[in-house]
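Only one structure is covered here, and it is reproduced in the block below.
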Amino acid sequence: MKKRHFFLSVVVAWSLTTAAQQQSPAPSTEFVMQLKVTLGEAYTVGDTPQGRRTVIPITGGSFEGPLLRGEILNGGADWQLASGHRTTLEAIYSIKTDDGIYIHIRNRGIIYNGPDEHGQPSFYFKAAPQFEAPTDSRYDWLNNSLFLCTPDFSPQNSGGGITLNIWKVK
């Protein structure tokens with residue numbers, strides 16, 4: 001009796017999931033900004049029980065998008081932890097808009113440089129920034145959405161730092 005109940009529960013859950021997928025459109029994205037981040041000299045803590053810890057200081061830069069622009073402040077860092085083909089990252093830093101508003105960012109992500117599900121070489125680098133903007137500012141909308149971030153390795157964006165493009169998930 002219990003096995004039958006479990007089986008029926010699985011069938012119902014699968015049916016509901018399939019129906020929801022058919023009714024719900026895939027999320028879309030909207031470009032928010034491009035950050036051109038300058039970096040200091042990276043250093044490593046070395047191999048730890050969790051993996052190889054590397055710290056990359058964030059020394060400044062600029063950002064620009066349709067609704068905001070300004071500067072990236074000195075004093076943040078990107079903390080990376082590598083193990084095998086996978087590196088997790090957590091970058092914590094602040095930006096200042098051109099109208100003087102400070103916004104805090106915590107950007108967590110994954111870099112994977114190894115075989116894909118078919119055994120072919122692959123490279124994956126995505127992150128999900130979270131914003132903390134003043135609720136009484138015109139940037140409060142940053143507090144209330146999910147965002148995705150990818151690096152831009154274009155030749156014009158190379159040199160001494162990293163360029164990141166950020167999209168809002170709609």
Side-chain angles (χ1 to χ4, degrees), residues 17 26-98 101-134 139-170:
T17 301
S28 60
T29 59
E30 176 182 346
F31 179 74
V32 173
M33 72 176 104
Q34 183 176 76
L35 294 96
K36 295 186 176 186
V37 184
T38 58
L39 304 170
E41 186 175 337
Y43 61 92
T44 183
V45 174
D47 294 325
T48 73
Q50 289 76 34
R52 185 165 192 76
R53 173 68 68 185
T54 300
V55 180
I56 306 169
I58 294 173
T59 60
S62 62
F63 66 93
E64 185 169 349
L67 299 176
L68 69 170
R69 67 179 45 83
E71 65 178 306
I72 299 165
L73 302 176
N74 182 24
D78 180 356
W79 289 270
Q80 298 186 358
L81 190 60
S83 180
H85 297 290
R86 185 174 193 262
T87 300
T88 58
L89 63 92
E90 182 174 26
I92 301 172
Y93 55 100
S94 295
I95 60 176
K96 182 180 177 186
T97 63
D98 59 354
I101 303 297
Y102 293 93
I103 299 170
H104 180 76
I105 302 173
R106 181 181 298 257
N107 195 8
R108 294 183 179 122
I110 296 170
I111 301 170
Y112 178 76
N113 193 11
D116 66 12
E117 62 273 17
H118 305 291
Q120 300 300 312
S122 69
F123 179 76
Y124 182 88
F125 182 164
K126 302 287 185 280
Q130 291 181 296
F131 296 90
E132 290 180 32
Y139 306 105
D140 181 45
W141 60 273
L142 291 166
N143 298 316
N144 303 307
S145 293
L146 295 176
F147 298 87
L148 295 174
C149 164
T150 60
D152 182 344
F153 295 117
S154 306
Q156 69 269 22
N157 290 324
S158 63
I162 187 167
T163 299
L164 301 170
N165 292 315
I166 297 180
W167 289 272
K168 176 182 174 181
V169 179
K170 296 172 74 175

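In what follows, every heavy atom counts, from backbone to side chain, and hydrogens, waters and symmetry copies are set aside. Everything quoted here is computed from the prediction, not taken from an experiment.
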Practice task
Can you sort out the partners of Leu146 under side chain to side chain contact (heavy atoms under 4.5 Å, CB included), two or more places apart, ordered by chain and number?
Solution key: Val169

Handout entry: Non-neighbouring partners of Phe31 that pass side chain to side chain contact (heavy atoms under 4.5 Å, CB included), sequence neighbours left out
Key = Gln34, Pro66, Asn165, Trp167

Would you compute the distance between atom [atom1] of [X] and atom [atom2] of [Y] and round it to the nearest 0.5 angstrom?
X: Ile162; Y: Leu39; atom1: CD1; atom2: CG; result: 7.0 Å
X: Leu164; Y: Ile72; atom1: CG; atom2: CD1; result: 8.0 Å
X: Lys168; Y: Leu142; atom1: NZ; atom2: CG; result: 8.5 Å

Practice task
Measure the shortest side-chain to side-chain distance between Thr29 and Phe147 over non-hydrogen atoms and say whether it is less than 4.5 angstrom.
Solution key: no

Problem - Ile101 side chain reached by Leu68 side chain, heavy atoms, under 4.5 Å - result: no

Practice task
Take Leu35 and Tyr93 through the side-chain contact (heavy atoms from CB on, under 4.5 Å) test and state the conclusion after the steps.
Solution key: CA-CA 12 Å; Leu35 294 96; Tyr93 55 100; 3.8 Å; yes

Fill in the blank from the handout: Residue pairs meeting salt bridge (charged side-chain N to carboxylate O under 4.0 Å, His left out), one or both in residues 104-121, sequence neighbours left out, come to Glu90-Arg106, Glu90-Arg108

Which pairs of donor and acceptor atoms, one on a side chain in residues 118-131, lie under 3.5 Å apart (sequence neighbours left out)?
from   : atom 1 : to     : atom 2 : distance (Å)
Ser122 : OG     : Gly114 : O      : 2.6

Handout entry: Chi angles and distances behind the side-chain contact (heavy atoms from CB on, under 4.5 Å) call for Tyr102, Leu73
Key = CA-CA 9 Å; Tyr102 293 93; Leu73 302 176; 3.6 Å; yes

Completion exercise
Hits for side chain to side chain donor-acceptor pair (under 3.5 Å) against Asp140, two or more places apart or cross-chain, chain-then-number order -> Asn143

Handout entry: Under the side chain to side chain donor-acceptor pair (under 3.5 Å) test, residues paired with Glu71 that sit two or more places apart
Key = none

Exercise for the section: List the atom of Tyr112, the atom of Pro115, and the distance in Å for their closest heavy-atom pair. Expected result: OH-O, 2.8 Å

Practice task
Report the C-alpha separation of Leu67 and Met33 in whole Å, then their side-chain angles, then the decisive distance to 0.1 Å, and conclude whether the side-chain contact (heavy atoms from CB on, under 4.5 Å) test is met.
Solution key: CA-CA 8 Å; Leu67 299 176; Met33 72 176 104; over 6 Å; no

Which donor-acceptor pairs under 3.5 Å do side chains of residues 49-61 form with protein atoms, sequence neighbours excluded?
from  : atom 1 : to    : atom 2 : distance (Å)
Arg52 : NH1    : Asp47 : OD1    : 3.2
Thr59 : OG1    : Thr38 : O      : 3.2
Thr59 : OG1    : Thr38 : OG1    : 2.9

Per-pair distances, 0.1 Å, donor-acceptor, side chain in residues 74-89, under 3.5 Å, sequence neighbours excluded:
from  : atom 1 : to     : atom 2 : distance (Å)
Asp78 : OD2    : Gln80  : NE2    : 3.1
His85 : ND1    : Asn113 : O      : 3.0

